[in-house]
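Down below is the structure, laid out as C-alpha cells.
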Amino acid sequence: MVSSSVLGFPRIGANREVKKAVEAYWAGKISADDLTKAAADVKKTSWSSVKAKGVDFVPSGEFSLYDHVLDHSAAFNVIPKRYVGLGLSPLDVYFAMGRGRQSEGVDVPASEMKKWFDSNYHFVVPEFSDETDFKLNFNKALEEFKEAQAAGITTRPVVLGPVSFLVLGKPAKDAKPGFQPISLLPKLLPVYKTLLADLKAAGAEWVQVDEPVLVLDSAASLEKEFASAYAELAPVAPKILLTTYFARLDSNINFIAKLPVAGLHIDLDRAPGQLDGVIAAIKPTPIVLSLGLVSGRNIWKTDFAAAIKLGQKAIDALGQDRVIIATSSSLLHTPVTLASENKLTPEQKDWFSFALEKAAEVATIAAVLSGSQDSAVAAALEANKVSIAKRRDFESNSDDTVRKRVAAITDDQLERKSPFAVRKEIQAKHLNLPKFPTTTIGSFPQTKEIRQARAKLGKGEITTEQYEEFIKKEIETVVRFQEKIGLDLLVHGEPERNDMVQYFGEQLHGFVFTQNAWVQSYGSRYVRPPIIVSDVSRSSPMTVKWSSYAQSLTSKPMKGMLTGPVTILNWSFPRADVSRELQSKQLALALRDEVIDLEKAGISAIQVDEPAIREGLPLRRSDWDAYLKWAVDSFKLSTAGVTDQLQTHSHFCYSDFDDIFPSIQRLDADVISIEASKSDMKLLNTFKQYGYSNQIGPGVYDIHSPRVPGSQEIKDRLKSMLDILPDSLLFVNPDCGLKTRGWKETEASLANLVEGAKWARENY
Ligand code: GLN
Ligand code: ZN
C-alpha cells in the first residue's frame, strides 16, 4: 500500500480564529486560557478535517501561535537574556521574543526575523552562544500528539531538526568572536533525545524531522554533523522521516542515504529532476521515500496524471510499501480552503486547490497508486482529468499581443539613452534639487479614516466620486505637509493603495483575487496574495491620475510611485504553466508603459520599488545567475523607456547586498534607497568597496518603530555616511515607507531629517 501524508497545515483557522484570538490576547481582551482554547479548537478541526480527506499521516506539533522556529527556541530554552527575569509568564516571554514588549516598565525589542528560505514567511531567528543552556522547557510535539490522540486522531509529530535549528540561528550579541551555533550540536542532542524518546514512549510510530537546510549548498559541509546527530537520535526516536523541501538535494543525497533514518522526504514540486538520483541512492537501503508531489507553495490543482507517473516510477524501483505520497512542503504557505471563496467564478474555482483540497489530493493519488478500485477514487481521478484539461485549454488562449511583445524585447529597450554620469547632469538641471536632496519612500500614514473610506467604497456606502474627493484631500494634506517642512522631492503618499501589489494587480489583466485566502507572513500578519492566471497586460494608466494631481498642487518635483515587476510576481501566486521569467517580463512591459505615461504627464522622477528582488533568489547558488539576469532585465525594461531627464528611483527594504552587488549596479537606477539604519555602516562600505556609481539614499532612520530619531542622531548618521560615500551621491530619506506609522511621529521625524540635511549642506 502506498500511504499519503501532509507535512504541515495552515495555523490561522478557516475563519481566522487563531489570528483573532492571538490579537485579542495581546490587547488584553481574552485570557491565556481562552487563547489556548481557541488554538485547541482550530488544531482539532485541522487534524480531523485532514484525516477525513483520507490522509494516513496527519501532522501535529507544527501548529504555532506565532512561529514554529520561535516555538523551538522557547521549548529548548534558547531565550536571550533580555527576555529573562522580566516577571512575564512563559507565554508572554514567547510573544515578547517574537514582537517585543512595551508595558508596565518592560521595554524589550523583538528578536530579528528572517525570511523562511525563499518564501514570504518570516521566522524568528534563534540566538546562540556558549552560554546557551539547552533544556526542555516543555515538549510541544508530545503535548500536541497527546492532544490529537485525545481527539481520536493518531498523528505524525513534526519537529525542526537539530542541525537546521542551529544553522538557521545566529550568534547572540555577547557570543565570543568566531562562535558558530553549530558547535553546540553535542550539547543540544541530549535534549532532542529526551524529546524524541518521550514521543516514542507515548506511542508515536513516526516523527517528521524537518532538515530544510539540506537543500542549501552549505549543507555539503555539514555531513559530519548530520551523521553524528542522526546516529545518536535514531536509536531512541520513533521512525524518523528526514524531511527536506523547497529545492533539490543534489550531491547531499550521497551522505543522506547513509543516515540511519527510516524515511526521506523530497520536494518534487520544486525539483522533480532529483527523483532518479534519489531513488538510485536509497534503493540499496531500507529508507522509505516520501514524494512531495502536491505543491505546498502554490494554489494550483495537482495534475494527477503527471504525479502518478512520478509515483509509479518510485514504486517500480522501491515497491509500494516504500513510497509515501505527500505535499511538497508544509501547507503553511497556502490558504485553508477553497470552500471559503464565494467570488471566484466556478471556472476559476475549478483551477485551484487550497490546503484542505490538497489533503484530498495526496490521499487520492496514493489510493490510485495502491490500485484502489473504489468508485470515489475513480471519480476523483476522472474529475481531475477534466479540470486539468479545462485549465490547459484556458492557458492555451494566450494574449498574442503580449506574447509577441515579450518575444520582441531588444537589448536596446533595457538601456537608458545615456550613461548615468550624463543623465545626472541633465537631471540636476531639470529637477533643480539641492545638494543632499531629501525625499521619502512613498507612503504616508494609512490612517483609520483612509481605511474606512476604502471599506465604505467597497460596501457601496459612498460613491467613487466621493471616495476620489476624499483621496484628493489626503494627497493635498500630504503635499502641503511636505512643502511646509521643506522636503525637496515630494510624493503623493499612496493613500489610494490597499496594498502595494494588490493595487496594481486589480488594474492589470491576468489577475484574480480571493476573499479569504490568507497566508501567514509573520506572527499574526497574514497577506492575501493575488493570483496570476493568464497573460498580464495594462489597459489604461494605473497611477497617472493621482501623480499628476499631486504634481498640479506644487511647484516642487513630484515622484511617481510604482511597484516593480519582480516584486509583484514574488508577492503573488504565479502561474505554473509558464516561467516566472515570462510573467516578470509581461509585468515589466505593463509597467514600462506606465512609466512612459507618467513622464508624458509631466512627472520628472519615478520610483519603481523592488523590495522582493532578493527574496526571489533561488536557494542554490548555481541558479542565481539565470534568475538575476531576468530579474534585473525586467526592472530595466520597466524603467528604461524614458528620456535622460527623468530620474528613476528604486527602493529595497533590506541591506544584504554583498553577494548580489553587481546586479544592484546593473539595475542602473539613478537613485536607490535602502535600509541602512539597522545595519550600521557595513553596508555602505560594501557600496564603496564595489565602487557603486549611482546615487544612493541609505535610510537615516528606522521607520519600523514609533520612536522619533533626534536631529543630532540624524546628523551623526549623515556624518558617518559621508565619511564613506561621495557627497555628490547622497540622498536623505527614511529607510522605508511610512504607511504603518502615525502622523505625530512622522511629522517629528521628518522635520529632524530635513534639519539634518540642512546641516549637511552647510558643513559639506
Ligand atoms: N513605496 C512603498 C511605500 O512607501 C514601498 C514599500 C516597501 O518598500 N515595502 O510604502
Ligand atoms: Zn521598504
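Position 1 is the first residue of the sequence, and the numbers go up from there. Only a predicted model underlies this, so the values are computations on that prediction, with no experimental measurement involved. Numbering of ligands and ligand atoms starts at 1, following listing order. Just so it is clear, the values below take in all heavy atoms, side chains as well, and ignore hydrogens, waters and symmetry mates.
Electrostatic pairing of Glu23 and Lys19 counts as a salt bridge here, judged by a charged N lying under 4.0 Å from a carboxylate O. The pair Glu745-Arg707 fails the salt-bridge criterion, with no side-chain N (NZ, NE, NH1 or NH2) lying under 4.0 Å from an Asp/Glu carboxylate O.
Closest protein heavy atom to atom 1 (N) of ligand 1: Asp609 OD2, 2.7 Å. Nearest non-hydrogen protein atom to atom 6 (C) of ligand 1 is Met500 SD, 3.5 Å.
Of all atoms in ligand 1, numbered sequentially from 1 with element shown, those under 4.0 Å from a heavy atom of Cys653 are 7 (C), 8 (O), 9 (N). Distances below 4.0 Å separate heavy atoms of Gly737 from the following atoms of ligand 1: 3 (C), 4 (O), 10 (O). Listed by number with element, the atoms of ligand 1 under 4.0 Å from a non-hydrogen atom of Gly442 are 4 (O). Counting atoms of ligand 1 from 1 in the listed order, those under 4.0 Å from a heavy atom of Cys736 are 7 (C), 8 (O).
At a heavy-atom distance under 4.0 Å, atoms from both the backbone and the side chain of Ser443 approach ligand 1.
Seen from the Zn ion (ligand 2), atom SG of Cys653 and atom NE2 of His651 lie 120° apart in angle, a value rounded to 10°.
Arg614 pairs in a salt bridge (Lys or Arg N to Asp or Glu O under 4.0 Å) with only one of the listed residues (Asp658, Asp659, Asp118), which is Asp659. Exactly one of Phe123, Tyr121, Tyr522 qualifies for a ring pair (Phe, Tyr, Trp, His ring centres under 6.0 Å) with His68. That residue is Tyr121.
The two residues His649 and Ala669 come nearest to each other via the heavy atoms C-CB, 4.4 Å.
Some N or O of Ile441 is nearer than 3.5 Å to an N or O of ligand 1, by distance alone. Checked by distance only, ligand 1 and Trp571 stay at 3.5 Å or farther apart across all their nitrogen or oxygen atoms.
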May I have the step-by-step check of side-chain hydrogen bond (donor to acceptor under 3.5 Å, both in side chains) for Arg11 and Gln520, ending in yes or no?
CA-CA 8 Å; Arg11 300 141 183 181; Gln520 193 173 14; 3.1 Å; yes
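In summary, the side chains of Ser604 and Gln647 do not present any donor paired with an acceptor at a separation below 3.5 Å, with no hydrogens or angles considered.
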